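Source: prediction; values computed, not measured. Order of appearance sets the numbers: ligands from 1, and atoms from 1 within every ligand.
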Amino acid sequence: MDDEGEDGKVIWVRRPHDLESVDCLVLPGGESTTISKLLVTFKLFEPLKRRAGEGMPVLGTCAGMIVMCQQGDRDVERTDTQLLGILSARVDRNAFGRQRESFESDLEIEGMGGDPFHAVFIRAPAVVETWGDCKPMARLGDQVVMVRQKNLLAASFHPELTDDLRVHKMLLDLV
Ligand code: GLN
């Protein structure tokens with residue numbers, strides 16, 4: 001990463017040996033059932049769980065957030081989606097419903113200085129319950145849309161779709 005003095009290299013993590021070489025990880029958006037299956041197929045599921053447990057910083061966005069949670073909703077069960085279970089949280093996979101599949105909103109994020117964060121939501125999940133060390137960091141109405149648990153960050157929205165790097169900086173600050 002080249003912004004404002006952050007040096008580093010960004011790589012795709014596709015195989016266990018890629019995972020061994022990184023200091024932190026972004027688990028991206030997409031489709032949570034597919035991501036979960038691919039993690040199993042490519043033998044990344046258990047190693048990722050282990051590294052996250054050992055303290056590697058992870059940022060999960062949207063589907064990534066869903067996969068990180070310990071508990072899902074009926075839709076997660078119905079699709080037999082295996083969750084990593086590294087976040088002490090329960091997630092509602094399509095919390096914002098079909099009619100609002102995509103929208104944008106300004107958020108106040110705890111611990112983030114400056115202006116509100118302009119967040120893009122695409123068929124977004126929401127965290128409906130947290131426990132233990134998992135703490136809400138941002139809300140949209142009464143829905144929790146960002147959480148932190150020690151080395152783990154998870155957001156319902158897509159911070160990679162805007163130029164604002166503050167969420168990614170939060171991840172790098174954990175390294
Ligand atoms: N709601 C989607 C899912 O269940 C995630 C959507 C996204 O990542 N933009 O996987």
Worksheet item: Do Leu48 and Val40 share a hydrophobic cluster, counting only Ile, Leu, Val, Met, Phe, Trp and Tyr and linking them when any side-chain heavy atoms are less than 4.5 Å apart?
Response: yes
Practice prompt. Rounded to the nearest 0.5 Å, what's the gap from OG on Ser88 to NZ on Lys135? Could you check?
Written response: 9.5 Å
Worksheet item: What residues, two or more places apart in sequence or in another chain, satisfy ring-ring contact (aromatic ring centres under 6.0 Å, His included) together with Phe117?
Response: Phe157
Discussion item. I need the single residue from Met170, Arg166, Arg148 that forms a side-chain contact (heavy atoms from CB on, under 4.5 Å) with Ile109. Which is it?
Written reply: Met170
Item to complete: Considering only Ile, Leu, Val, Met, Phe, Trp and Tyr, and joining two whenever side-chain heavy atoms are under 4.5 Å apart, list the other residues clustered with Ile122.
Response: Val120, Leu161
Which pairs of N or O atoms, one from ligand 1 and one from the protein, are separated by less than 3.5 Å, and what is the distance for each pair?
{"unit_1": "ligand 1", "atom_1": "1 (N)", "unit_2": "Arg93", "atom_2": "O", "d": "3.1"}
{"unit_1": "ligand 1", "atom_1": "1 (N)", "unit_2": "Asn94", "atom_2": "OD1", "d": "2.8"}
{"unit_1": "ligand 1", "atom_1": "1 (N)", "unit_2": "Arg123", "atom_2": "O", "d": "2.7"}
{"unit_1": "ligand 1", "atom_1": "4 (O)", "unit_2": "Ser32", "atom_2": "OG", "d": "3.2"}
{"unit_1": "ligand 1", "atom_1": "4 (O)", "unit_2": "Arg93", "atom_2": "NE", "d": "2.5"}
{"unit_1": "ligand 1", "atom_1": "4 (O)", "unit_2": "Arg93", "atom_2": "NH2", "d": "3.4"}
{"unit_1": "ligand 1", "atom_1": "8 (O)", "unit_2": "Gly30", "atom_2": "N", "d": "2.9"}
{"unit_1": "ligand 1", "atom_1": "8 (O)", "unit_2": "Gly30", "atom_2": "O", "d": "3.2"}
{"unit_1": "ligand 1", "atom_1": "8 (O)", "unit_2": "Ala63", "atom_2": "N", "d": "3.0"}
{"unit_1": "ligand 1", "atom_1": "9 (N)", "unit_2": "Ile122", "atom_2": "O", "d": "2.9"}
{"unit_1": "ligand 1", "atom_1": "9 (N)", "unit_2": "His158", "atom_2": "NE2", "d": "3.0"}
{"unit_1": "ligand 1", "atom_1": "10 (O)", "unit_2": "Ser32", "atom_2": "N", "d": "2.6"}
{"unit_1": "ligand 1", "atom_1": "10 (O)", "unit_2": "Ser32", "atom_2": "OG", "d": "2.9"}

Fill in: side-chain hydrogen bond (donor to acceptor under 3.5 Å, both in side chains) involving Ser156 - partner list, sequence neighbours excluded
none
